[in-house]
Each structure stands twice: as C-alpha cells, then as structure tokens.
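Fair warning: this is a prediction, and the values are worked out from it, not measured in the lab. Side-chain atoms are counted along with the backbone in the values below, which use heavy atoms only and exclude waters and symmetry mates.
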Amino acid sequence: MENAIILHGTCSRKEYYSDEYPSLSNNNWLPWLQKQLLMRDIAAVTPEIPGAFKPDYEVWRREVERFDITPETLIVGHSCGGGFWVRWLSEHPDARVGKIVLVAPWLDPNNIKKTTFFDFEIDPKLAKRTGGVTIFNSIDDHPGIHWSVETLRQTIPGIKYREFENYGHFCIEDMHTQEFPELLAELLA
C-alpha cells in the first residue's frame, strides 16, 4: 500500500516550548500536504519528533521507524528532516523507497546545533534505490541551506533540482500560505 512520511525540521528551544507556535508536525504546509495525500487514499503521517530543537539522530530514527518504509513509501523532509532522510537512507543501503522530496534540506554545515546528527557519509548511490529524488530550493534561503543543497547535488548523481524564488525557507512566514501545490504535484507526478 502506498504511504507517505512527512518529516518536519528543527526549531529553537524557545519556539519548541512556546504556546505561541504549533508543534512542528502541525506547522507550515505539513498538515495541508498530509490532508491532500489522505484525500488521494495515500496513508500519510507527520511524526512529531520529541526535543527537535536539539536533534538527536537516534530519537529521530526511532520515531520514523515506527512506520512502514517500503518501495511505495513517499518521503518528504523539510530542512533538518531532509537531512535526516539523507542520513537514514545512506545508512540503510538495502532500503528501497518511492519518491523523495527534500524541501530546503539542511546538513548543518557549521554545526550550529552542536550535535553529531550529521556525522555520516552521504551514499552517492542513494537515488538509485528510490522512485526519484527531488530537491526544492529557494534562492532567498539561508547560506547553510544552499551549501547543503550543493553538497547533495554534487555527491548524489541523478537528483532533480527545482529552484524557487521568494519562498525563503518554505515556512508560512516566507510563503504566506499553508498550501504547497508544487510539492503535492511533484509527489504525485
């Protein structure tokens, strides 16, 4: 059965513990995308990673591996969530998945989060085990995102690249909407 796992990114400690912000799995375009996939009979989940402000790979891995990951699974990762999927797939060379869309994938090039979350080798054969990998990047995003995107594009042959303008980090405050039809279309194409 086709399913989807939509993974949020990280945030600041202040945002994580504030009532002013929704939980990360219920923020930005994630709930909209989940609903659109559910309406198309694709079982879609948006796991909430505990303590996401200080990424711990083992916590993220444990939360994600509670769900079926099969050759039909659609994978979406935003920011740190995209970086997580690159690591997970790099460390699981026998895993086969469906389409992957990495939205503003982040590999923390300057170790801002002071964690070992991104201490891994990117598997250059990663895309061959998928239904296709697409990166969404906005030209007005942060330099660390652009570095991460270029690193992935240079390391993994066969990645499809889509460039946007004025989408920032693909958050509500940048996009001014929760809807993300370009992402939905890419997953369903």
Side-chain donor/acceptor pairs under 3.5 Å, residues 149-156, sequence neighbours excluded:
unit_1	atom_1	unit_2	atom_2	d
E150	OE2	R153	NH1	3.3
T151	OG1	W147	O	2.9
T155	OG1	T151	O	2.6

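- For residues 23-49, the pairs satisfying ring-ring contact (aromatic ring centres under 6.0 Å, His included) are W29-H78, W29-F180, with sequence neighbours left out.
- Note on residues 173-189: pairs passing salt bridge (Lys or Arg N to Asp or Glu O under 4.0 Å), not counting sequence neighbours, are K160-E186, R162-E186.
- V86 and V59 fall within the same hydrophobic cluster, defined by Ile, Leu, Val, Met, Phe, Trp and Tyr side-chain heavy atoms under 4.5 Å apart, directly or through other members.
- Residues satisfying the ring-ring contact (aromatic ring centres under 6.0 Å, His included) test with Y16, not counting sequence neighbours, are F53.
- A continuous path of hydrophobic side-chain contacts links L187 to F136 [ILVMFWY only; heavy atoms under 4.5 Å].
- Summarising the geometry of I145 relative to S79, their closest heavy-atom pair is CD1-OG, 4.3 Å, with the distance given to 0.1 Å.
- Hydrophobic cluster membership of I172, counting Ile, Leu, Val, Met, Phe, Trp and Tyr whose side-chain heavy atoms lie under 4.5 Å apart directly or via other members: none, as it forms a cluster of its own.
- Counting heavy atoms from C-beta on, the side chains of L37 and L184 come closer than 4.5 Å.
- In terms of heavy atoms, V103 sits closest to F170 at CG1-CG, 3.5 Å.
- For E63, the salt bridge (Lys or Arg N to Asp or Glu O under 4.0 Å) partners two or more places apart in sequence, or in a different chain, are R66.
- Side chains of H92 and E65 form a contact here, defined as non-hydrogen atoms less than 4.5 Å apart.
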Exercise for the section: Output, in order, the C-alpha distance, side-chain angles, deciding distance and verdict of side-chain hydrogen bond (donor to acceptor under 3.5 Å, both in side chains) for D140 and S138. Expected result: CA-CA 5 Å; D140 57 328; S138 184; 2.3 Å; yes
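- Panel note: side chain R40, backbone Q36; a donor-acceptor pair is recorded below 3.5 Å.
- Residue E165 holds its CD atom at 12.0 Å from CG of N137, rounded to the nearest 0.5 Å.
- Connection of I159 to I75 is established within a shared hydrophobic cluster, with ILVMFWY side chains joined at heavy-atom distances below 4.5 Å, either directly or through further cluster members.
- Under the ring-ring contact (aromatic ring centres under 6.0 Å, His included) criterion, H146 pairs with no residue at all, not counting sequence neighbours.
- Looking only at distances, a side-chain donor or acceptor of N3 sits under 3.5 Å from a matching main-chain atom of D68.
- Neither L24 nor W88 shares a network with the other; the hydrophobic side chains, linked directly or stepwise wherever heavy atoms of I, L, V, M, F, W or Y lie under 4.5 Å apart, form separate groups for each.
- Under the rule for a salt bridge (Lys or Arg N to Asp or Glu O under 4.0 Å), the partners of E58 that lie at least two apart in sequence or sit in another chain are R61.
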Output side-chain donor-acceptor pairs under 3.5 Å for residues 4-14, partner residues at least two apart or in another chain, one line each.
unit_1	atom_1	unit_2	atom_2	d
H8	NE2	I49	N	3.1
T10	OG1	A52	O	2.5
S12	OG	E15	N	3.0

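- Results of the ring-ring contact (aromatic ring centres under 6.0 Å, His included) test with F84 over W106, Y57, F118, F120 single out Y57 as the only residue that passes.
- Apart from L38 itself, the hydrophobic cluster it occupies contains nothing, where clustering links Ile, Leu, Val, Met, Phe, Trp and Tyr at side-chain heavy-atom distances under 4.5 Å.
- Side-chain contacts under 4.5 Å among hydrophobic residues (ILVMFWY), followed directly or transitively, place I139 with no other residue at all.
- Using a 4.5 Å heavy-atom cutoff, the side chains of I42 and L188 are in contact.
- The nearest pair of heavy atoms linking G77 to W85 is CA-CD1, 3.8 Å.
- A salt bridge is defined here as a Lys NZ or Arg NE, NH1 or NH2 lying under 4.0 Å from an Asp or Glu carboxylate O, and R129 with D123 meets this definition.
- Legend: side chain to side chain donor-acceptor pair (under 3.5 Å) pairs involving residues 41-56, not counting sequence neighbours, sorted by first then second residue: S23-E48, S25-E48.
- Between V97 and L89 there is a side-chain heavy-atom pair separated by less than 4.5 Å.
- Hydrophobic clustering (side-chain heavy atoms under 4.5 Å, transitive across Ile, Leu, Val, Met, Phe, Trp, Tyr) keeps L107 apart from V76.
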